[in-house]
Undergrad: 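Once you've had a glance at the structure underneath, I'll fire off some questions.
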Amino acid sequence: MKNKTMISKRAQSVSPSETLKISAKAKELARQGKSIISLSAGEPDFNTPKHICDNAIKAIKDGFHGYTMNTGTPELRESISNKLKRDNNLDYAPSQIVCTNGAKQALGFSILAMVDEGDEVIIPAPYWVSYPQMVKVAGATPVTVRTSFENNFRITAEQLEEAITEDTKAFMLCSPSNPTGTCYTEQELKELAEVLSKYPQVNIISDEIYEYIVFEGDHVGILNVAPELKDRTVLINGFSKGFAMTGWRLGYLAAPQPFVDAVAKIQSQETSAPSSISQKAGEAAYTGSLDPIHEMRDSFKKRRDFIVDELADIEGVKCFKPSGAFYVFPDISQYLGSTSAKGNTIDSSTDLCMYLIEEHGLAAVPGDAFGEPNGIRLSYASSMDDLKEAMNRLQKGLKELS
């Protein structure tokens with residue numbers, strides 16, 4: 001008789017999120033009364049802007065409590081369509097947009113709608129922790145391409161072309177990047193697009209969730225330099241990062257109509273539409289003033305400059321200045337193979353992060369989780385006081401390693 005277990009092979013193939021693991025460890029130590037400074041969260045420390053909250057409150061008071069259309073309210077999809085034209089110079093009809101329960105769901109459902117077993121998906125590393133796991137859940141194979149610190153962790157056109165095989169179904173691109181904060185230049189995107197134009201079977205998933213947190217110039221996406229790729233590109237975005245709306249769980253995708261219809265079928269059976277109240281909040285985000293968003297961006301820029309300068313003063317640490325998002329991803333390879341005062345060997349970035357949190361009260365995310373063993377991710381979406389204390393703890397912790 002065939003041995004059957006309660007847990008599917010699909011579930012067994014997926015690893016838990018390393019970022020959530022570190023966050024849980026930080027909370028556990030804090031509950032024990034230990035002083036913990038956490039730079040592990042990918043979450044703005046600002047409140048959602050008032051005009052957005054006010055529209056949500058109005059919706060509650062007006063009794064807007066029921067289910068909405070599966071793909072989102074007509075008003076929200078219209079506001080997203082207008083935003084894409086206004087901010088990105090892209091033309092998408094409201095019918096080409098699916099509103100989802102966070103951008104993570106837009107990504108997950110897009111992969112489910114796109115790949116089959118045996119397909120390959122190219123993912124530049126360092127990558128957001130969920131990308132390879134989502135591909136595995138869909139039954140496909142993640143093909144990670146390790147980028148270099150020297151190139152600010154951006155995949156080159158040569159690396160992309162080398163990774164493409166007859167089984168390649170998609171290429172995932174994230175700019176600005178989580179975990180590195182790097183942004184692809186217009187020229188780099190053109191070079192990637194030239195490669196992709198030669199392989200019509202390769203689709204593009206462009207994750208642009210950090211588009212409002214760009215410090216030098218305006219955000220540029222791959223469709224801005226290669227509009228001819230639009231018929232095989234899925235644009236992923238949402239409200240969590242730029243508008244400090246992480247808990248509202250609202251994202252979306254824009255894509256060719258046949259693909260949108262496929263995602264909509266999956267969503268109709270899995271979750272249906274996002275919260276009606278969150279959708280009204282999102283509508284206000286795109287139709288209201290962007291001044292609060294620019295203020296948050298300017299604050300992040302000051303914090304970025306501070307943390308990069310501090311890291312430059314720590315012996316053995318290398319860090320480039322990221323162009324977007326709210327992360328730095330310093331190279332800490334010089335400390336791998338070192339020993340702590342308690343005699344524990346630091347063999348990996350995971351070992352280093354566990355040492356920092358347990359012995360110095362500093363929570364960071366190991367580069368191992370992002371496919372880059374020589375780095376750690378530090379989020380500067382924290383107060384300046386916390387960042388100053390965090391840098392003191394990091395410097396002290398690394399100094400004590402031999």
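These numbers were taken from a predicted model, which means no experiment stands behind them. Keep in mind that the numbers below use all heavy atoms, side chains included, and drop hydrogens, waters and symmetry copies.
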Undergrad: So, taking the atom named CG in D261 and the one named OG in S95, what distance separates them when rounded to the nearest 0.5 Å?
TA: 8.0 Å
Undergrad: Inspect the contact between K190 and E194 and indicate whether a charged nitrogen and a carboxylate oxygen are less than 4.0 angstrom apart.
TA: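 No.
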Undergrad: Please check if the number of heavy atoms outside K302 that lie under 6.0 Å from its NZ is greater than 12.
TA: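 No - once you tally the heavy atoms of other residues, nucleotides and ligands closer than 6.0 Å, there are 12 at most.
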Undergrad: What are the two closest non-hydrogen atoms of G282 and M245, and how far apart are they?
TA: N-CE, 4.2 Å
Undergrad: Looking at every non-hydrogen atom in both residues, tell me the closest pair between F153 and T182 and how far apart they are.
TA: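 Where F153 meets T182 most closely, the heavy atoms are O-CG2, 4.0 Å.
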Undergrad: Can you confirm whether E166 is buried at CD, in the sense that more than 12 heavy atoms of other residues, nucleotides or ligands lie under 6.0 Å from that atom?
TA: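 Count not over threshold, so no.
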Undergrad: Can you sort out the partners of K25 under side-chain contact (heavy atoms from CB on, under 4.5 Å), two or more places apart, ordered by chain and number?
TA: E28, L29, M354, I357, E358
Undergrad: Are R154 and E191 within salt-bridge range, i.e. N to O under 4.0 Å?
TA: no
Undergrad: Within a radius of less than 6.0 Å around CD of Q201, do more than 12 heavy atoms belonging to other residues, nucleotides or ligands occur?
TA: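 Yes, because the 6.0 Å sphere around CD of Q201 holds more than 12 heavy atoms from other groups.
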Undergrad: Do Y184 and L173 make a side-chain contact, defined as non-hydrogen atoms from C-beta onward lying under 4.5 Å apart?
TA: yes
Undergrad: Can you pull out every side chain to side chain donor-acceptor pair (under 3.5 Å) where at least one residue sits in residues 240-255? Sequence neighbours excluded, please.
TA: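 Qualifying pairs: E43-T246, T48-W248, Y252-Y286.
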Undergrad: Do M172 and I111 have side chains that get closer than 4.5 Å, going by heavy atoms?
TA: yes
Undergrad: V14 and Q133: which non-hydrogen atoms are nearest, and at how many Å?
TA: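 Between these two residues, the closest heavy atoms are CA-OE1, 3.4 Å.
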Undergrad: Using 0.5 Å steps for rounding, measure from the CG atom of D231 to the CD atom of Q257.
TA: 14.0 Å
Undergrad: Looking only at side chains, do D385 and S383 share a donor and an acceptor under 3.5 Å apart?
TA: no
Undergrad: If you measure from CD1 on I204 to CG on L192, what distance do you get to the nearest 0.5 Å?
TA: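 If we round to the nearest 0.5 Å, I204:CD1 and L192:CG are 10.0 Å apart.
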Undergrad: Ignoring hydrogens and geometry, is there a side-chain-to-backbone donor-acceptor pair from S276 to F64 under 3.5 Å?
TA: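 A pair under 3.5 Å: yes.
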Undergrad: If only atom types and distance count, is the side chain of D207 paired as donor or acceptor with the main-chain N or O of I209 below 3.5 Å?
TA: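 Confirmed, D207 side chain pairs with I209 backbone.
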Undergrad: Among V115, L253, V98, find the residue that satisfies the side chain to side chain contact (heavy atoms under 4.5 Å, CB included) test when tested with S110.
TA: L253
Undergrad: Report the distance from atom SG of C183 to atom CD of E216, rounding to the nearest 0.5 Å.
TA: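 One finds 8.0 Å between SG of C183 and CD of E216.
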Undergrad: Measuring only between side-chain heavy atoms, which start at C-beta, is I80 closer than 4.5 Å to N237?
TA: no
Undergrad: Strictly distance-based, threshold 3.5 Å: is any side-chain N or O of K169 a donor or acceptor partner for the main-chain N or O of D116?
TA: no
Undergrad: Is it true that Y210 and F300 have ring centroids separated by less than 6.0 Å?
TA: no
Undergrad: If you count heavy atoms of other groups shown closer than 6.0 angstrom to CG of D309, is the number above 12?
TA: yes
Undergrad: Going by an N to O cut-off under 4.0 Å, is there a salt bridge joining E117 and R10?
TA: no
Undergrad: Taking the side chain from D351 and the backbone from D347, do they hold a donor-acceptor pair closer than 3.5 Å?
TA: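 The answer is yes, because a donor-acceptor pair under 3.5 Å joins these two groups.
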Undergrad: Would a distance-only check, ignoring hydrogens and angles, find a side-chain to backbone donor-acceptor pair under 3.5 Å from S81 to Y92?
TA: yes
Undergrad: Counting distance only, does the side-chain N/O of Q159 pair as donor-acceptor with the main-chain N or O of T156 below 3.5 Å?
TA: yes
Undergrad: Between S338 (side chain only) and I346 (backbone N and O only), is there a donor and an acceptor less than 3.5 Å apart?
TA: no
Undergrad: Just by modelled atom types, is the L76 backbone N or O under 3.5 Å from a matching donor or acceptor in the S79 side chain?
TA: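 Yes, S79 side chain to L76 backbone: donor-acceptor pair under 3.5 Å.
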Undergrad: Taking the six-membered ring of Y355 as reference, does the cationic atom of K342 (NZ for Lys, CZ for Arg) lie under 6.0 Å from its centre and within 45° of its axis?
TA: no
Undergrad: Within this structure, what is the CG-CD1 distance for the pair L107 and I205, rounded to the nearest 0.5 Å?
TA: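 If I round to the nearest 0.5 Å, the distance is 7.0 Å.
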Undergrad: Does E372 reach the main-chain N or O of G367 with its side chain, forming a donor-acceptor pair under 3.5 Å?
TA: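 Checked: no pair found.
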Undergrad: Under a 3.5 Å threshold, yes or no: a donor from one side chain and an acceptor from the other, between Q187 and T185?
TA: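 No.
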Undergrad: How about H65 and I60: do any of their side-chain heavy atoms sit closer than 4.5 Å?
TA: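 Yes; the side chains approach each other to less than 4.5 Å.
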Undergrad: Using the side chain to side chain contact (heavy atoms under 4.5 Å, CB included) rule, take L84 and Q96 through it: C-alpha gap first, then chi angles, then the decisive distance, then the call.
TA: CA-CA 12 Å; L84 290 171; Q96 293 179 288; over 6 Å; no
Undergrad: Got F370 and V365 here, is their nearest side-chain heavy-atom distance under 4.5 Å?
TA: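 Yes, close enough: below the 4.5 Å cut-off.
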Undergrad: To the closest 0.5 Å, what do you measure between CG (D331) and CD (E150)?
TA: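 D331 atom CG to E150 atom CD measures 8.0 Å (nearest 0.5 Å).
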Undergrad: Indicate yes or no: at least one non-hydrogen side-chain atom of L290 is less than 4.5 angstrom from one of R86.
TA: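 Sidechains of R86 and L290: in contact.
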Undergrad: In this structure, are over 12 heavy atoms from other groups packed under 6.0 Å from E315 atom CD?
TA: no
Undergrad: Do Q267 and T100 get their side chains close enough for a donor-acceptor pair, meaning under 3.5 Å?
TA: no
Undergrad: Measure the acute angle between the ring planes of F215 and Y380, then classify it against the limits of 30° and 60° as parallel, tilted or perpendicular.
TA: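 Plane angle between 30° and 60°, so tilted.
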Undergrad: Please check if the number of heavy atoms outside D218 that lie under 6.0 Å from its CG is greater than 12.
TA: no
Undergrad: Ignoring hydrogens and geometry beyond distance, is a side-chain donor-acceptor pair present between E208 and N88 at under 3.5 Å?
TA: no
Undergrad: According to the interplanar angle, ranging from 0 to 90°, do the rings of F239 and F243 count as parallel (below 30°), tilted (30 to 60°) or perpendicular (above 60°)?
TA: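 Plane angle between 30° and 60°, so tilted.
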Undergrad: Would you tell me whether D45 and S382 have side-chain atoms, one donor and one acceptor, within less than 3.5 Å of each other?
TA: no
Undergrad: Which atoms form the tightest heavy-atom contact between A325 and S177, and what is the distance?
TA: CB-O, 3.8 Å
Undergrad: Carefully, step by step, assess E78 and N82 under the rule side chain to side chain contact (heavy atoms under 4.5 Å, CB included).
TA: CA-CA 6 Å; E78 181 73 34; N82 292 338; 3.6 Å; yes
Undergrad: Any side-chain donor paired with an acceptor under 3.5 Å for E120 and T165?
TA: yes
Undergrad: Just by distance, do the side chain of R377 and the backbone of Y327 share a donor-acceptor pair under 3.5 Å?
TA: no
Undergrad: Please give me the minimum heavy-atom distance between C319 and L311, naming the atom from each residue.
TA: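 Of all heavy-atom pairs spanning C319 and L311, the closest is SG-CD1, 3.8 Å.
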Undergrad: Considering all heavy atoms of both residues, which atom of S278 and which atom of L250 are nearest to each other, and what is their separation?
TA: O-CD2, 3.2 Å
Undergrad: Applying side-chain hydrogen bond (donor to acceptor under 3.5 Å, both in side chains) to Q105 and T271, what does each step give before you reach the verdict?
TA: CA-CA 10 Å; Q105 182 173 292; T271 63; 3.2 Å; yes
Undergrad: Compare all side-chain heavy atoms of T71 with those of I97 and state whether any distance is below 4.5 angstrom.
TA: no
Undergrad: Before giving the answer on side chain to side chain contact (heavy atoms under 4.5 Å, CB included), spell out for F306 and M391 the whole-Å C-alpha distance, their side-chain angles and the decisive distance to 0.1 Å.
TA: CA-CA 10 Å; F306 168 78; M391 290 302 96; 4.2 Å; yes
Undergrad: Would you say the side chains of T73 and E283 form a donor-acceptor pair under 3.5 Å?
TA: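 Short answer, no.
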Undergrad: Please say whether more than 12 non-hydrogen atoms of neighbouring residues, nucleotides or ligands are located less than 6.0 Å from NZ in K198.
TA: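 Atom NZ in K198 is packed in, count exceeds 12.
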Undergrad: Could you give me the CA-CA distance, side-chain angles and deciding distance for L394 and L356, then say whether side chain to side chain contact (heavy atoms under 4.5 Å, CB included) is met?
TA: CA-CA 7 Å; L394 179 63; L356 288 172; 3.9 Å; yes
